[in-house]
Amino acid sequence: MKNKITKAIFPVAGMGTRFLPATKSVPKEIMSLVDRPLIQYAIDEARAAGIKEFIFVTSRGKGALEDYFDHAPQLEAELKRKGKKDLLEEVKNTNMDSGAIAYIRQHKPLGLGHAVWCARRLVGNEPFAVILPDDIIAAEKPCLQQMVEAFAENPGCMVAAMEVPKDRVSSYGVLDLKEDHGSLVSVKGMVEKPAPGEEPSNLAVIGRYLLTPQIFKNLNSKQTGAGGEIQLTDAIAQEITEGRDVYGYRFQGQRFDCGSKSGYLQATVSFALSRPDLRDDLMGFLHEVVAMDKAAQ
Ligand code: G1P
């Protein structure tokens, strides 16, 4: 089995119901953070970590997502003609090489574990990454790259991990810690969406995974778990019960839950403030809003 991770799965079959009606015709992953679709952030993070093959697990209605990665010769020619070099560069960066991107359909919404399992033939017998594009992570060194470096020293399934407030833990996969080494923790158990009071810790799984191909065998059983869905968390937990190492990785960076409206808005503000061309205007506006809000109280 080769050890270098060059393939990533992007589960993008979800209907995006939390963003209806916007997602009635626009896939959630195409919604933009400042001026780039959410999926572009995930792709860039994957590229920085050395990923060469991008596998999308899609569903009906995700055509716009496939189009987004196509070359756009007319648009590129027009930008070139108008001398808009910077924009041309931006657009070219979104192009994917022929054969680097593959789409697989998940025909029924049976859960994240099932979505990953759908890509088993494209991954084959090698370790791979999974990126959930809803989780956007702003970091100096991209989160997946941090994990790939840790994986080189500690081969074994690895999940990104972050402490979350106690009252939010039951929305996540949660780690039961064996040994805590700071960034790296070894894990003795994992629970998907534990009932309040039953969480083994408040260290939650965030949507970045490095997985060994054994996971596909675990997912073969199609065992359902939390919410009646086939859970990736359960397939990873099975690794532990079968005696293999599983790690959590406390990444450096700020995570935004762009699957929720509030998280998406926070990410929008934060990413816009980090842009020199937008920062001053937006900051001025935010100060005004806060002052008006205070005056009204
Ligand atoms: C999924 C995973 C969960 C993880 C979360 C991170 O849940 O099943 O283990 O903690 O992503 O965002 P979802 O948010 O799809 O319900």
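Both counts, for ligands and for their atoms, begin at 1 and track the order of listing. Just so you know, these numbers come straight off a predicted model, no measurement behind them.
Under 4.0 Å from ligand 1, heavy atoms of Val205 appear from its side chain as well as its backbone. Neither the backbone nor the side chain of Met162 comes within contact range of ligand 1; no heavy atom lies under 4.0 Å. Heavy atoms of Leu132 found under 4.0 angstrom from ligand 1 belong exclusively to the side chain.
Ligand-side atoms of ligand 1 in range of Thr233: 9 (O), range being under 4.0 angstrom from any heavy atom. Of all atoms in ligand 1, listed by their number and element, those nearer than 4.0 Å to a heavy atom of Asp135 are 6 (C), 12 (O). Heavy-atom contacts of Arg255 reach the following atoms of ligand 1: 12 (O) (cutoff under 4.0 Å). Those atoms of ligand 1 that come under 4.0 Å of a heavy atom in Tyr209, given as number and element, are 2 (C).
Proximity of atom 12 (O) of ligand 1 to the protein is indicated by at least one non-hydrogen atom lying closer than 4.0 angstrom.
Taken from CG in Leu144 to CG in Asp44, the straight-line distance is 12.5 Å, to the nearest 0.5 Å. In this structure, the separation between CG on Leu175 and OG1 on Thr233 is 8.5 Å, given to the nearest 0.5 Å. Annotation: the span from Tyr41 atom OH to Phe256 atom CZ amounts to 10.5 Å, rounded to 0.5 Å.
Looking only at atom types and distance, the side chain of Asp234 has no donor-acceptor partner in the side chain of Gln238 under 3.5 Å away.
Within the 3.5 Å criterion, the main-chain N or O of Val123 finds a donor-acceptor partner in the side chain of Lys7. When atom types are taken as modelled, the side chain of Gln146 and the backbone of Arg250 share no donor-acceptor pair closer than 3.5 angstrom.
A salt bridge is absent between Asp134 and Arg18: the closest approach of a Lys/Arg side-chain nitrogen to an acidic carboxylate oxygen does not fall below 4.0 angstrom. With salt bridges taken as basic N to acidic carboxylate O contacts below 4.0 Å, none links Glu89 and Lys85.
At the top of the distance list for atom 9 (O) of ligand 1, counting protein heavy atoms only, stands Glu192 OE1, 2.6 Å. Here the heavy atom of the protein found nearest to atom 7 (O) of ligand 1 is Lys193 NZ, 3.3 Å.
Polar contact with ligand 1: absent for Tyr172 (N/O pair, distance under 3.5 Å).
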